[in-house]
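Keep in mind it's a predicted model, so treat the numbers as computed, not measured. Position 1 is the first residue of the sequence, and the numbers go up from there.
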Amino acid sequence: MSTEPTEIERQTWAARFGWITGGTVGVLAGFALTWLVETRALAGRGRAGIDLAANLSGIVVPVCFVAGALLGHAYGLRGGPQRYRYLGAAAGLGVAVLAWALLVVAR
């Protein structure tokens, strides 16, 4: 019995790593987009602008997460062994960065 992962396992894990990486990038992009809208487009509106940006983030962040996760999943599913390694490293790094950001915000 070989301990070498089969091609199906590698393809499955590449899709999972792509999903994690894409979802993490999507969440970060959603927050960045919401921040840009709040600080650039709605800067002069006072409290109404802040409330509008908060309501907008409730839509933008989940949409960016789903879009990123689906795109990452598709990217990983079609990739070979090289994408598997890159996406695995990116997923680990993305989860670490997201955990660090949540720790900073929670403090």
Side-chain angles (χ1 to χ4, degrees):
M1 185 170 158
S2 175
T3 59
E4 182 69 26
T6 65
E7 186 60 35
I8 296 294
E9 285 178 347
R10 195 172 281 152
Q11 187 177 20
T12 301
W13 276 103
R16 290 175 184 163
F17 289 150
W19 190 91
I20 293 168
T21 302
T24 302
V25 169
V27 166
L28 295 176
F31 280 120
L33 182 62
T34 303
W35 177 79
L36 282 173
V37 167
E38 183 177 356
T39 58
R40 302 292 187 245
L42 303 174
R45 296 189 181 191
R47 185 69 192 161
I50 294 171
D51 291 340
L52 182 60
N55 290 337
L56 182 65
S57 73
I59 297 168
V60 170
V61 174
V63 167
C64 286
F65 167 76
V66 170
L70 291 176
L71 288 171
H73 179 80
Y75 179 78
L77 193 61
R78 291 190 177 96
Q82 194 66 26
R83 281 192 195 171
Y84 171 72
R85 285 188 218 109
Y86 287 148
L87 286 171
L93 186 62
V95 169
V97 167
L98 192 60
W100 170 79
L102 291 174
L103 180 67
V104 167
V105 168
R107 290 183 83 198

**Q** Kindly work out whether a path of hydrophobic side-chain contacts (I/L/V/M/F/W/Y, heavy atoms less than 4.5 Å apart) joins Leu70 to Leu28.
**A** yes
**Q** Please determine whether residues Val66 and Trp19 belong to a single hydrophobic cluster, defined as Ile, Leu, Val, Met, Phe, Trp and Tyr linked transitively by side-chain heavy-atom distances below 4.5 Å.
**A** yes
**Q** Answer with yes or no whether the hydrophobic clustering places Val95 together with Val27; edges join I, L, V, M, F, W, Y residues whose side-chain heavy atoms lie under 4.5 Å apart.
**A**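 Same hydrophobic cluster.
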**Q** Does Val97 reach the side chain of Thr24, with side-chain heavy atoms less than 4.5 Å apart?
**A** no
**Q** For the hydrophobic clusters of this structure (ILVMFWY residues joined by side-chain heavy atoms under 4.5 Å, transitively), does one cluster hold both Val25 and Val61?
**A**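 Different clusters: Val25 never reaches Val61 through Ile, Leu, Val, Met, Phe, Trp or Tyr contacts under 4.5 Å.
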**Q** Think Arg16 forms a cation-pi with Trp13, using NZ or CZ under 6.0 Å from the six-ring centre and within 45 degrees of its axis?
**A** yes
**Q** Main chain of Ala14, side chain of Arg83: is a donor-acceptor contact present, judged purely on distance under 3.5 Å?
**A**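 Absent.
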**Q** For Thr34 and Ala53, work out which heavy atoms get closest and say how close.
**A**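 Between these two residues, the closest heavy atoms are CG2-O, 3.6 Å.
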**Q** Of all heavy-atom pairs between Ile20 and Ala91, which one has the smallest distance, and what is that distance?
**A** CG2-CB, 3.9 Å
**Q** In the structure I gave you, are the side-chain heavy atoms of Leu87 and Tyr75 within less than 4.5 Å of one another anywhere?
**A** yes
**Q** Is the CZ atom of Phe65 crowded by more than 12 outside heavy atoms at less than 6.0 Å?
**A**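 Counting neighbours around CZ of Phe65, more than 12 heavy atoms of other residues, nucleotides or ligands fall under 6.0 Å, so yes.
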**Q** Who passes side chain to side chain contact (heavy atoms under 4.5 Å, CB included) against Leu52, sequence neighbours left out?
**A** Leu42, Arg45
**Q** Measure from the ring center of Phe31 to the ring center of Trp35 and say whether it is less than 6.0 Å.
**A**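 No: the rings miss the under 6.0 Å criterion.
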**Q** Can you name the residues that form a side chain to side chain donor-acceptor pair (under 3.5 Å) with Arg47, not counting sequence neighbours?
**A** Asp51
**Q** So which atom in Pro62 and which in Ser57 form the shortest heavy-atom distance, rounded to 0.1 Å?
**A** CD-O, 3.7 Å
